[in-house]
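A short worksheet on the structure shown next.
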Amino acid sequence: MRKFGLLHRKRIWIVFLLVIVLIILLWLFLPVSRDVRRRSIVWVECRSCYFLASPGIDTLYFNYYDTSDSSFLGMALDACSLEEITRASGFWYQPFWWLNDGRLFTSGNIVPNDSLLKVFKKSPMAFMERQLEQCRKQVLRIQHEESEYQYYMRTHSVQDEGYTLVAQHYSKLKLYHDTLIRLSNKLEMYKRLSSSALQLQRMSHYQVRSVSEKGLDSSFVECSLLKHDVAYNVALLQTVDGTLPGGASVVTGRPFDVLRMFFYYRPNRSAELVGFNRPADFALADSVEPDFIPGKLMINGKNTTQSFPVLSGIDGAPIFLSNGHLWGILADGKCVHYSYLNKLW
């Protein structure tokens with residue numbers, strides 16, 4: 001009886017383990033449902049600008065550097081008024097061996113270019129001298145325009161047609177003149193500093209809106225950049241708290257490719273791109289639904305091309321095969337297989 005009891009328990013454990021293995025195998029090869037695909041999509045925004053900083057002096061912000069005349073453009077004393085915004089689609093992702101920790105993949109185009117930082121480090125003082133010179137030229141140009149407006153104001157009255165419109169432009173010009181004077185004084189202070197005390201940096205703020213049962217959420221989730229692969233132009237982000245927002249789903253790159261050993265592999269596959277097929281220049285309204293875009297994948301060894309009719313906002317969206325399996329990501333027009341995303345993990 002005792003031996004029979006031990007044998008019976010062993011059989012129960014064997015059956016239990018076989019069931020676990022069967023569940024894992026089914027999970028690895030079952031396709032991703034349409035609802036999970038829908039709720040895995042995110043809308044990514046990156047707000048960025050440059051800033052000059054030094055202890056004891058207010059920070060100076062700008063959003064662009066014109067290489068033709070070596071000058072800052074869009075200078076301001078606060079960042080909110082001139083932040084550049086880049087947008088793209090993305091999706092919550094995890095490898096099949098990993099537990100979800102709030103990571104997502106998107107297009108590398110949302111990551112700002114920091115090439116100006118290298119130029120600044122070579123000769124910061126000469127760099128600042130050029131900025132101050134350009135700012136002074138702008139002040140002189142504005143002063144000349146102001147004198148023309150002042151002449152018009154002296155020789156015309158409110159009864160003249162267009163006088164009110166000219167007066168409004170003159171008021172805006174004076175405000176711009178005052179701003180340029182303050183910026184010029186700020187640059188003068190920076191110029192007197194030593195090169196070691198002056199710092200030029202890029203400020204980048206990443207945030208995403210996830211999709212829930214009601215569509216695109218109105219609230220943003222703060223994220224940080226973990227990796228940016230330049231070769232495939234793919235970016236890996238993670239939520240600040242390392243968790244997935246409520247109502248969102250995560251997709252997994254499952255090793256279904258082993259089935260190619262047993263079934264005929266077709267080089268031209270029907271596929272579906274899931275994301276927001278909108279221009280990336282505009283923000284999205286609340287409760288917007290992701291687009292499911294049918295197309296074709298032309299697979300030729302390591303090279304894969306696609307035939308999806310897309311707009312700029314869809315960049316960074318996941319690609320699913322017609323059987324529901326995740327194939328990879330569309331990044332800057334290129335198809336990147338999920339096995340490469342696993343390597344970036």
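Under the 4.5 Å side-chain heavy-atom criterion for grouping Ile, Leu, Val, Met, Phe, Trp and Tyr, Tyr176 is connected to Ile181 within one hydrophobic cluster. In terms of hydrophobic clustering, with Ile, Leu, Val, Met, Phe, Trp and Tyr side chains grouped at heavy-atom distances under 4.5 Å, Leu226 and Tyr338 are assigned to a common cluster. Residues Leu284 and Phe220 do not share a hydrophobic cluster, clusters being chains of Ile/Leu/Val/Met/Phe/Trp/Tyr side chains in contact below 4.5 Å. The cluster map of Ile, Leu, Val, Met, Phe, Trp and Tyr, joined by side-chain heavy atoms under 4.5 Å apart, puts Met153 and Val158 in the same cluster. Cluster annotation: Leu311 and Phe276 are assigned to distinct hydrophobic clusters (Ile/Leu/Val/Met/Phe/Trp/Tyr, side-chain heavy-atom contacts under 4.5 Å, transitive).
Among residues two or more places apart in sequence or in another chain, the ring-ring contact (aromatic ring centres under 6.0 Å, His included) test is passed with Tyr232 by Tyr340. With sequence neighbours excluded, no residue forms a salt bridge (charged side-chain N to carboxylate O under 4.0 Å, His left out) with Asp217. With sequence neighbours excluded, no residue forms a salt bridge (charged side-chain N to carboxylate O under 4.0 Å, His left out) with Glu148. Legend: residues meeting ring-ring contact (aromatic ring centres under 6.0 Å, His included) with Tyr170, ordered by chain and number and at least two apart, are Tyr149. Judged as a side chain to side chain donor-acceptor pair (under 3.5 Å), and not counting sequence neighbours, Ser40 has no contacts.
Between the Arg38 side chain and the Glu213 main chain, a donor and an acceptor come within less than 3.5 Å of each other. A donor-acceptor pair under 3.5 Å is formed between the side chain of Asn277 and the backbone N or O of Pro309. Of the possible polar contacts, none joining the Arg103 side chain to the Tyr93 backbone as a donor-acceptor pair under 3.5 Å is found. Looking at Arg87, its side chain never comes within 3.5 Å of a backbone N or O of Gly313 through a donor-acceptor pair. Between the side chain of Ser89 and the backbone N or O of Trp43 there is no donor-acceptor pair closer than 3.5 Å. A side-chain donor-acceptor contact under 3.5 Å links Asp315 to the backbone of Asp332. Asp178 places no side-chain N or O within 3.5 Å of a backbone atom of Leu175 that could act as its donor or acceptor partner.
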inquiry  = For Leu173 and Glu145: C-alpha separation, side-chain torsions, deciding distance, then whether side chain to side chain contact (heavy atoms under 4.5 Å, CB included) applies.
reply    = CA-CA 8 Å; Leu173 190 65; Glu145 291 184 18; 3.7 Å; yes

request  = For Asp241 and Thr243, run side chain to side chain donor-acceptor pair (under 3.5 Å): C-alpha distance rounded to whole Å, both residues' side-chain angles, the deciding distance at 0.1 Å, then the answer.
outcome  = CA-CA 6 Å; Asp241 59 3; Thr243 60; 3.0 Å; yes

key: Stepwise side chain to side chain contact (heavy atoms under 4.5 Å, CB included) check, Val336 with Asn233   = CA-CA 9 Å; Val336 182; Asn233 205 21; over 6 Å; no

query = So Tyr50 and Gln201, side chain to side chain contact (heavy atoms under 4.5 Å, CB included) or not? Walk me through it.
reply = CA-CA 6 Å; Tyr50 291 102; Gln201 297 182 26; over 6 Å; no

request  = Decide yes or no on side chain to side chain contact (heavy atoms under 4.5 Å, CB included) for Val274 and Phe91, but give the supporting numbers first.
outcome  = CA-CA 9 Å; Val274 186; Phe91 62 102; over 6 Å; no

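Ring geometry, His156 versus Tyr152: the interplanar angle falls under 30°, so the pair is classed parallel (tilted spans 30 to 60°). Aromatic ring pairs are classed by plane angle as parallel below 30°, tilted from 30° to 60° and perpendicular above 60°; the pair Phe105 and Trp345 is tilted.
Atoms CD and OG1, from Gln159 and Thr164 in turn, are 9.5 Å apart once rounded to the nearest 0.5 Å. Asp229 contributes atom CG, which lies 5.0 Å from atom CG of Leu344 (distance to the nearest 0.5 angstrom). A distance of 11.5 Å separates CD in Glu133 from CD in Gln138, rounded to the nearest 0.5 Å. The OG atom of Ser107 sits 7.5 Å away from the NE2 atom of His228 when rounded to the nearest 0.5 Å. The distance from the OG atom of Ser307 to the CG atom of Leu273 is 10.5 Å, given to the nearest 0.5 Å. Put simply, CG on Asp101 and CD on Gln238 are 4.5 Å apart, with the number rounded to the nearest 0.5 Å.
In this structure the side chain of Leu326 reaches within 4.5 angstrom of the side chain of Pro318, judged on heavy atoms. Between Leu132 and Ser184, the closest side-chain pair of non-hydrogen atoms falls below 4.5 Å. Considering only heavy atoms from C-beta on, Ile314 stays 4.5 Å or farther from Phe308 through its side chain. Between Ser270 and Lys296, some side-chain heavy-atom pair lies under the 4.5 Å cut-off.
The nearest pair of heavy atoms linking Arg39 to Gly247 is NH1-O, 3.0 Å. Residues Leu216 and Ala285 come closest through the heavy atom pair CD2-O, 3.9 Å. In terms of heavy atoms, Ala317 sits closest to Gly275 at CB-CA, 4.1 Å. Considering every non-hydrogen atom in both Ala283 and Glu45, the closest pair reads CB-OE2, 4.4 Å.
Cluster partners of Leu104, using a side-chain heavy-atom cutoff of under 4.5 Å among ILVMFWY residues and allowing indirect links, are Val42, Val44, Trp92, Ile110, Val111, Tyr206, Val208, Val221, Leu225, Leu237, Leu244, Val250.
For Arg37 and Phe320, the positive end sits near the middle of the six-membered ring, less than 6.0 Å away and at most 45° from its axis.
Between Lys214 and Asp286 there is no salt bridge, since no side-chain N of the basic residue sits under 4.0 Å from a carboxylate O of the acidic one. Using a 4.0 Å cut-off between charged nitrogen and carboxylate oxygen, Arg34 and Glu289 do not count as a salt-bridge pair.
Considering Glu83, Glu84, Arg202 in turn, Arg202 is the only one that fulfils the side-chain hydrogen bond (donor to acceptor under 3.5 Å, both in side chains) rule with Ser48.
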